[in-house]
Amino acid sequence: MSNALLEDLEWRGLIAQSTDRKELEQALSKPISLYLGVDPTAPSMHLGNLVVFLVLRRFQLAGHRPIPLVGGATGLVGDPSGKNDERTLNEEKLVAEWVSKMKKQVEKIIDFDDKKTGAVMVNNLDWTKPVSVLDFLRDIGKHFSVNQMLAKDSVANRLATAGISYTEFSYQVLQALDYLELYRRNDCKLQIGGSDQWGNIVAGLDLIRKVEGGTAHALTIPLLAKSDGTKFGKTASGAIWLDATMTSAYEFFQFWLNSDDADMPKLLKVFSMKDRKEIERLIETVNTNPGAREAHRELGREMTSLIHGADMAKKVEEAAKALFGQGEISELDLATLDSALSQLPKTQVKKGDPFPTWVDLLAATGVVDSKSAARRIVKEGGAYLNNKKVESEDFTPSKSDLLHGKYLLLRKGKRDLAAVEVAG
RNA sequence: GGCGGGUUGCCCGAGCGGCCAAUGGGAGGGGACUGUAAAUCCCCCGGCUCUGCCUUCGAAGGUUCAAAUCCUUCACCCGCCA
């Protein structure tokens with residue numbers, strides 16, 4: 001018999017590799033517990049993390065119990081998978097802080113309250129920290145063959161290039177220990193993760209078999225790439241983060257809206273929780289009426305609602321509509337303008353103070369990195385005040401330029417907006 | 001521990017005493033065309049009080065009128081040998 005969840009994941013292109021398909025299908029024929037780990041290597045998760053957590057959510061919606069794990073311990077050590085160079089170790093305090101931030105983000109994606117499938121959050125520091133070095137070497141280390149450890153891609157790649165420290169070399173053992181621990185205490189039978197995690201997951205399966213004589217499963221998810229082969233989820237300003245202070249809700253929505261048409265089928269399948277029929281309909285709209293960008297908008301709405309809440313999603317979409325609308329910007333009413341500009345990076349000018357020069361304003365809002373860059377942009381004809389091109393580098397705005405006596409709308413290029421507010 | 005090679009701007013990578021803010025490619029930015037898309041073409045791409053000045057070529061010293069380029073020491077990486 002086949003399994004609807006696996007078939008759906010397959011259709012979405014979300015399966016890179018798995019342990020024996022038949023056995024996995026059988027295991028999934030009744031509700032199981034499965035785990036997915038994320039290491040706190042930054043203050044926030046990004047879109048790459050979101051992909052795998054959404055898969056965890058898909059399992060939950062199919063009736064299984066998710067165990068999201070934050071790597072309070074593994075984050076202190078550093079995963080060599082997919083890394084060309086040794087990581088710099090982060091302070092314990094910092095890692096602990098990141099752990100708590102990531103937990104909050106996970107709570108937005110996974111349901112913790114459902115009676116049957118409510119998730120259980122765990123932190124591997126809880127069981128890793130108490131283990132002494134000697135116990136670790138005798139009880140755990142004894143089950144690992146260095147020969148096998150060296151053969152893992154993550155280690156082999158590093159041995160062939162930059163080398164690897166004993167610390168990072170040990171990473172796979174820690175992750176294996178996690179799986180064993182969760183197998184024991186939560187009856188966890190499946191671990192999912194990015195495809196770069198295959199080696200680490202398999203290490204866990206081996207350990208479970210050796211220590212407990214038990215069987216568990218593994219499933220990995222392909223790492224996302226854009227249609228042009230470049231890394232996904234990065235923009236000029238860096239990665240797309242889930243934390244609103246790192247990537248604003250407005251930027252987050254804009255990311256989806258500005259995605260390449262060619263990427264839309266893949267993005268919809270990977271990110272959207274909508275069913276196959278609806279996704280196929282949206283993909284069709286990209287072909288029939290690309291200019292409308294219905295699929296872009298719909299996906300932007302769905303993702304922004306998930307991460308930043310439905311109210312915020314609505315707000316940022318409307319802000320975008322107002323700011324990019326065809327109409328005269330000066331005709332927008334104050335309430336709309338207030339709301340729209342609240343989503344943009346903003347700088348303030350004290351009422352009564354003389355206006356700074358145009359170049360200073362651009363630099364102050366952060367749409368350009370330096371005053372030199374600001375001048376360059378004006379020279380190239382890419383600077384706009386209230387949607388009108390600024391011609392001179394020496395330009396200084398005046399009172400008459402203010403919208404509703406209060407705002408200036410600055411723009412660099414087609415879509416990089418910022419606001420100046422005159423504050424009393 | 002010994003010998004050899006390396007460390008250049010966001011990344012890759014030239015330069016090997018003055019013509020170097022530093023060739024080339026990629027990434028990135030602006031313009032044109034569009035749909036706040038892609039492809040294509042053109043332009044830009046250290047900073048500033050911008051016809052000039054200031055700070056960059058692993059770090060610190062030194063030689064010289066003049067150093068990314070030469071010398072010394074230190075740090076790190078990569079080979080080969082022990």
Side-chain angles (χ1 to χ4, degrees), chain A residues 83-89 157-165 168 225-240 248-268 282-283 285-301 304 316-327 329 340 343-345 356-360 362-385 387-396 409-418:
Chain A
K83 296 281 167 202
N84 294 324
D85 298 293
E86 188 84 10
R87 290 167 191 248
T88 344
L89 293 177
N157 290 341
R158 288 277 292 275
L159 286 176
T161 54
I164 185 167
S165 69
E168 287 195 10
K226 290 206 288 190
S227 56
D228 59 6
T230 59
K231 207 164 183 187
F232 167 81
K234 300 258 178 180
T235 63
S237 39
I240 304 292
S248 73
Y250 173 79
E251 285 174 278
F252 190 82
F253 180 78
Q254 289 290 309
F255 169 79
W256 303 101
L257 194 63
N258 288 323
S259 291
D260 191 335
D261 290 0
D263 286 326
M264 285 319 289
K266 186 184 272 179
L267 292 180
L268 286 164
L282 286 170
I283 291 172
T285 65
V286 177
N287 299 322
T288 54
N289 187 7
R293 284 178 296 172
E294 184 186 341
H296 298 68
R297 253 175 252 284
E298 195 50 46
L299 185 59
R301 248 174 241 145
T304 311
V316 295
E317 188 181 356
E318 269 162 18
K321 207 180 281 174
L323 297 170
F324 286 101
Q326 297 305 308
I329 186 81
Q343 303 305 316
L344 301 178
T357 63
W358 174 248
V359 164
D360 284 331
L362 265 187
T365 54
V367 285
V368 291
D369 292 332
S370 65
K371 291 184 192 175
S372 297
R375 287 202 182 83
R376 210 179 291 137
I377 284 300
V378 175
K379 208 180 296 168
E380 292 172 335
Y384 304 81
L385 171 63
N387 285 344
K388 289 200 185 61
K389 186 178 284 184
V390 172
E391 308 281 356
S392 160
E393 287 181 38
D394 306 320
F395 174 68
T396 301
L409 179 66
L410 277 56
R411 176 153 66 92
K412 183 199 80 172
K414 280 183 190 166
R415 50 199 171 181
D416 212 351
L417 295 162

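The chains referred to below are lettered A, B, ... by the order of the sequence lines, with proteins before strands, and numbering in each begins at 1. For the numbers below, each heavy atom of this structure counts, side chains included, while hydrogens, waters and symmetry mates do not.
To the nearest angstrom, P of B:rG35 lies 18 Å from CD of A:E294. A:K379 places its NZ atom 12 Å from the C1' atom of B:rC45, with the value rounded to the nearest Å. Look at CD on A:E393: it is 13 Å from C1' on B:rC44, rounded to the nearest Å. Distance A:D260 CG to B:rG35 C1': 13 Å, rounded to the nearest Å. As rounded to whole Å, 11 Å separates atom C1' of B:rC10 from atom CG of A:D369. Distance CG (A:N387) to C1' (B:rU36): 12 Å, rounded to an integer number of Å. Rounded to whole Å, the distance from CD on A:E251 to C1' on B:rU36 is 14 Å. The distance from atom CD1 of A:I329 to atom P of B:rU36 is 15 Å, rounded to the nearest whole Å.
Pair check for B:rG1 finds B:rC81; Watson-Crick or G-U wobble, both atom distances under 3.5 Å. Using Watson-Crick or G-U wobble geometry with both donor-acceptor distances under 3.5 Å, B:rC41 finds its partner in B:rG31. Pairing partner, B:rC16: none, since no Watson-Crick or wobble contact has both distances short of 3.5 Å. B:rA22 is unpaired under the criterion used here, namely a Watson-Crick or G-U wobble arrangement in which both key atom distances are under 3.5 Å. Base pairing analysis places B:rA66 opposite nothing; no Watson-Crick or G-U wobble pair with both distances below 3.5 Å involves it. The partner of B:rA59 is B:rU73, by the rule that a Watson-Crick or G-U pair needs both atom distances under 3.5 Å. Remark: B:rG9 base-pairs with no nucleotide; criterion is Watson-Crick or G-U wobble with both hydrogen-bond distances under 3.5 Å.
Ranking B:rG35, B:rG31, B:rC48 by closeness to the A:D261 side chain, first place goes to B:rG35. Comparing B:rA37, B:rG29, B:rG35 by their nearest atom to the side chain of A:K414 picks out B:rA37. Of all nucleotides listed (B:rG30, B:rU36, B:rC48), B:rU36 comes nearest to the side chain of A:N258. For A:R375, the side-chain atoms get nearest to B:rU49 when compared with the rest of B:rU49, B:rA37, B:rC48. Closest contact between the side chain of A:S370 and the listed nucleotides B:rA38, B:rC43, B:rC48 involves B:rC48. Which of B:rG30, B:rG35, B:rU36 sits closest to the side chain of A:H296 comes down to B:rG35.
Contact annotation: the side chain of A:L323 approaches that of A:L344 to within less than 4.5 Å [non-hydrogen atoms, C-beta and beyond]. Within the 4.5 Å cutoff, no side-chain heavy atoms of A:K266 are placed close to those of A:M264. Put simply, the side chain of A:L267 does not reach to within 4.5 Å of the side chain of A:H296, judged on heavy atoms.
For B:rU36, the base has no donor-acceptor partner in the side chain of A:K321 [N/O atoms by modelled type, under 3.5 angstrom].
When heavy atoms are screened at a 4.0 angstrom cut-off, A:L257 is found touching base atoms of the nucleic acid. The residue A:K412 sits close only to the backbone: its heavy atoms come under 4.0 Å of sugar-phosphate atoms, none of a base. A:A383 comes within 4.0 angstrom of nothing in the nucleic acid, heavy atoms only.
To the nearest whole angstrom, the two C1' atoms, one in B:rA21 and one in B:rC57, are 10 Å apart. Taking the P atoms as reference points, B:rG9 lies 13 Å from B:rU23, given to the whole Å. Taking atom P in both B:rG62 and B:rU69, one finds a spacing of 15 Å when rounded to whole Å. Atom P of B:rG5 sits at a distance of 45 Å from the matching atom of B:rU49, rounded to the whole Å.
Here A:D416 does not pair with A:R411 in a salt bridge; the nearest charged N to carboxylate O distance is not below 4.0 Å. A salt bridge is absent between A:R297 and A:E294; no separation between the charged side-chain nitrogens and carboxylate oxygens falls under 4.0 Å.
Distance alone, capped at 3.5 Å, is enough to place a donor-acceptor pair between the A:E251 side chain and the A:S248 backbone.
For the OP1/OP2 pair of B:rG47 and a distance below 4.0 Å, the side-chain nitrogens and oxygens of A:R376 include at least one atom meeting the criterion. In this model, the phosphate group of B:rU49 is approached by a side-chain N or O of A:K371 to a distance below 4.0 Å at OP1 or OP2. Applying the 4.0 Å criterion to OP1 and OP2 of B:rU36, one finds that A:Y384 has every side-chain N and O outside that range. Using a 4.0 Å cut-off, no side-chain N or O of A:R411 falls inside it from OP1 or OP2 of B:rU36.
Contact detail for A:V286 and A:A295: the closest heavy-atom pair is CG2-CB, 3.6 Å.
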